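All figures in this text were calculated on a predicted structure; none of them were measured in a lab.
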Amino acid sequence: MAAAAALARLEQKQSRAWGPTSQDTIRNQVRKELQAEATVSGSPEAPGTNVVSEPREEGSAHLAVPGVYFTCPLTGATLRKDQRDACIKEAILLHFSTDPVAASIMKIYTFNKDQDRVKLGVDTIAKYLDNIHLHPEEEKYRKIKLQNKVFQERINCLEGTHEFFEAIGFQKVLLPVQDQEDPEEFYVLSETTLAQPQSLERHKEQLLAAEPVRAKLDRQRRVFQPSPLASQFELPGDFFNLTAEEIKREQRLRSEAVERLSVLRTKAMREKEEQRGLRKYNYTLLRVRLPDGCLLQGTFYARERLGAVYGFVREALQSDWLPFELLASGGQKLSEDENLALNECGLVPSALLTFSWDMAVLEDIKAAGAEPDSILKPELLSAIEKLS
């Protein structure tokens, strides 16, 4: 609406100043310049830009990757996005049979979503254990009243805390309370555990150092033969925050508005709009074209750091000690700041990168009469596929 109003004012001013012929000339010139810029920025060879294809449903033919998958760190099972939480919770519960202390700690951090509340509860438990460790002769520190306000507000509300107390040697006991008729429930540290104070200290450090158990993104690493289809990506709906229907509707509305709005949008406005668009993508699919033309492909989080891509490529190299560079489309070298997020580098929701050995090192190797080994590790080359 703002663009339409501005266009009306512009047309009125130009009509008074120059007449219809000059106005048309100026508008045509602006259109030509914008079209020229769009041609350059939208070209598949322009650095840092990608053509976004419509999301496809899983199972469609010619998908670049079948979907987004994860690995359970406890079992190694491959999981879909909608399976992650349930499978990890199940794995943690099964872990109680082998290591109840570790399992209860994992439950505290993973089953409770409010991490601020988890930290408060964990710090309170650590304080209980510190008091026992520092004052082993004081009986009052070996008893924790379950109806105590602090215990109820900070610890009882968290899943896994009771299992932790019982796993490290506390037992629930009904004890009389002064000036009360009915006894109350306490956690009381067993004599066996009290005789091993170092174990409490070890469990406390284990509790404080823990983190939530999260499924690890499966890179789905694949190697392809040289192909003219290297820059073509057909992505499943998993890669997008929006559903497939929402993406299609948005693309249709955008196409209808391009002619009306593009004349008035400055470069800064377009860049701002592109940044807003980056938030629509959860994941990105990257391909790296190697000097022999082969393609190395992997899946990443859209907000993952550039250093993860370099690490992914280095793990696949036969000579992983040699320095190398990654170039965006058009030959532009990627930023040396490996802390930059992939979406900040324009590498979402897909991108084709080019691998290049560091030229100075390569010249030194050649001067010595040697050549770099085959680029990829043999086990990866043995599973090479044809891109279709």
Side-chain angles (χ1 to χ4, degrees), residues 71-77 79 84-180 182-216:
T71 303
C72 175
L74 300 178
T75 65
L79 313 170
R84 287 178 296 177
D85 291 345
C87 289
I88 286 178
K89 286 184 177 182
E90 182 181 355
I92 290 174
L93 295 176
L94 290 173
H95 202 65
F96 272 98
S97 62
T98 56
D99 190 343
V101 174
S104 61
I105 292 173
M106 288 189 285
K107 186 174 182 179
I108 291 171
Y109 278 91
T110 309
F111 282 42
N112 302 288
K113 299 304 180 185
D114 187 339
Q115 291 302 306
D116 290 335
R117 178 167 285 190
V118 168
K119 185 180 187 310
L120 181 61
V122 164
D123 288 344
T124 304
I125 294 173
K127 183 64 176 176
Y128 284 143
L129 301 183
D130 275 338
N131 285 336
I132 296 172
H133 181 70
L134 296 173
H135 310 284
E137 71 288 347
E138 293 282 348
E139 184 181 354
K140 65 178 181 180
Y141 291 123
R142 303 199 295 269
K143 297 186 295 184
I144 302 171
K145 186 178 179 182
L146 270 64
Q147 293 303 315
N148 176 277
K149 182 180 179 182
V150 171
F151 186 92
Q152 286 293 317
E153 292 180 352
R154 300 184 183 182
I155 297 174
N156 189 61
C157 59
L158 297 176
E159 291 189 67
T161 50
H162 288 282
E163 291 93 330
F164 176 75
F165 277 111
E166 292 170 8
I168 65 175
F170 281 87
Q171 299 170 337
K172 281 185 180 180
V173 179
L174 285 173
L175 296 176
V177 178
Q178 189 174 2
D179 300 328
Q180 279 188 209
D182 298 326
E184 287 198 28
E185 202 168 25
F186 286 76
Y187 271 131
V188 178
L189 188 66
S190 67
E191 292 295 332
T192 303
T193 306
L194 186 61
Q196 300 175 332
Q198 69 278 6
S199 67
L200 284 182
E201 185 68 14
R202 185 175 68 254
H203 294 325
K204 183 198 76 173
E205 295 300 330
Q206 188 179 356
L207 176 66
L208 291 172
E211 293 180 350
V213 179
R214 297 283 183 256
K216 184 179 179 182

Novice: Answer whether the closest heavy-atom distance between the side chains of L146 and N156 falls below 4.5 Å.
Specialist: no
Novice: Which heavy atom of L94 sits nearest a heavy atom of S97, and at what distance?
Specialist: O-OG, 2.9 Å
Novice: Taking the side chain as every heavy atom from C-beta outward, state whether I155 and I125 have any pair of such atoms under 4.5 Å apart.
Specialist: yes
Novice: Is any side-chain heavy atom of Q115 less than 4.5 Å from a side-chain heavy atom of V118?
Specialist: yes
Novice: Kindly check if the number of other-residue, nucleotide or ligand heavy atoms within 6.0 Å of CD (Q178) is above 12?
Specialist: no
Novice: If you define the side chain from C-beta out and look only at heavy atoms, does anything of I132 sit under 4.5 Å from E138?
Specialist: no
Novice: Got a second to check how far E159's CD is from T161's OG1, nearest 0.5 Å?
Specialist: 9.0 Å
Novice: Going by heavy atoms in the side chains, are V101 and F164 under 4.5 Å from each other?
Specialist: yes
Novice: What distance do M106 atom CE and E211 atom CD have between them, rounded to the nearest 0.5 Å?
Specialist: 13.0 Å
Novice: Pair I88, T75 - check side-chain contact (heavy atoms from CB on, under 4.5 Å), show working.
Specialist: CA-CA 9 Å; I88 286 178; T75 65; over 6 Å; no
Novice: Could you give the distance from CD1 (I168) to NE2 (H203), rounded to the nearest 0.5 Å?
Specialist: 6.5 Å
Novice: Do you know the tightest heavy-atom contact between L79 and C87?
Specialist: CD2-SG, 3.5 Å
Novice: Verify the neighbour count for atom NZ of K113: are there more than 12 heavy atoms of other residues, nucleotides or ligands below 6.0 Å?
Specialist: yes
Novice: Could you measure the distance from the OH atom of Y128 to the CZ atom of F170? Nearest 0.5 Å is fine.
Specialist: 9.5 Å
Novice: Which heavy atom of T193 sits nearest a heavy atom of S199, and at what distance?
Specialist: CG2-OG, 4.3 Å
Novice: So with a 6.0 Å cut-off around NZ of K119, is the heavy-atom count from everything else above 12?
Specialist: no
Novice: Less than 4.5 Å apart, any side-chain heavy atom of R84 and any of R214?
Specialist: no
Novice: Within the supplied structure, the quantity of interest is the number of heavy atoms (other residues, nucleotides, ligands) at a distance under 6.0 Å from Q180 CD; does it exceed 12?
Specialist: yes
Novice: For atom CD of E185, decide whether the heavy atoms of other residues, nucleotides or ligands shown that lie under 6.0 angstrom number more than 12.
Specialist: yes
Novice: Tell me the closest heavy-atom pair linking A215 and P73, and the distance in Å.
Specialist: CA-CD, 4.1 Å
Novice: Indicate yes or no: at least one non-hydrogen side-chain atom of I105 is less than 4.5 angstrom from one of Y109.
Specialist: yes
Novice: Does R117 have more than 12 heavy atoms from other residues, nucleotides or ligands lying within 6.0 Å of its CZ?
Specialist: no
Novice: Working to the nearest 0.5 angstrom, can you tell me the gap between K149 NZ and Q152 CD?
Specialist: 11.5 Å
Novice: Working note: E205 + R202, criterion salt bridge (charged side-chain N to carboxylate O under 4.0 Å, His left out); need CA distance, chi angles, decisive distance, verdict.
Specialist: CA-CA 5 Å; E205 295 300 330; R202 185 175 68 254; over 6 Å; no
Novice: Above 12 or not: heavy atoms from other molecules or residues under 6.0 Å from CD of E139?
Specialist: no
Novice: How close do N148 and V150 get, counting heavy atoms only, and between which atoms?
Specialist: OD1-N, 2.8 Å
Novice: Could you give the distance from CD (E201) to CD (Q196), rounded to the nearest 0.5 Å?
Specialist: 14.5 Å
Novice: For residues A167 and S104, report the shortest heavy-atom separation together with the two atoms involved.
Specialist: CB-OG, 4.5 Å
Novice: Taking side chain to side chain donor-acceptor pair (under 3.5 Å) as the criterion, tell me which of H162, Q171, K145 meets it with Y187.
Specialist: H162
Novice: Examine distances only and state if a side-chain atom of D114 and a backbone atom of D116 form a donor-acceptor pair shorter than 3.5 Å.
Specialist: yes
Novice: Go through L200 and L189 one step at a time and tell me if the side-chain contact (heavy atoms from CB on, under 4.5 Å) criterion holds.
Specialist: CA-CA 10 Å; L200 284 182; L189 188 66; 3.7 Å; yes
Novice: Measure from the side-chain N and O atoms of R142 to the backbone N and O of S190, and report whether any donor-acceptor pair falls under 3.5 Å.
Specialist: no
Novice: Less than 4.5 Å apart, any side-chain heavy atom of K127 and any of N131?
Specialist: yes
Novice: Given L93 and F111, is the side-chain contact (heavy atoms from CB on, under 4.5 Å) satisfied, shown in steps?
Specialist: CA-CA 11 Å; L93 295 176; F111 282 42; 4.2 Å; yes
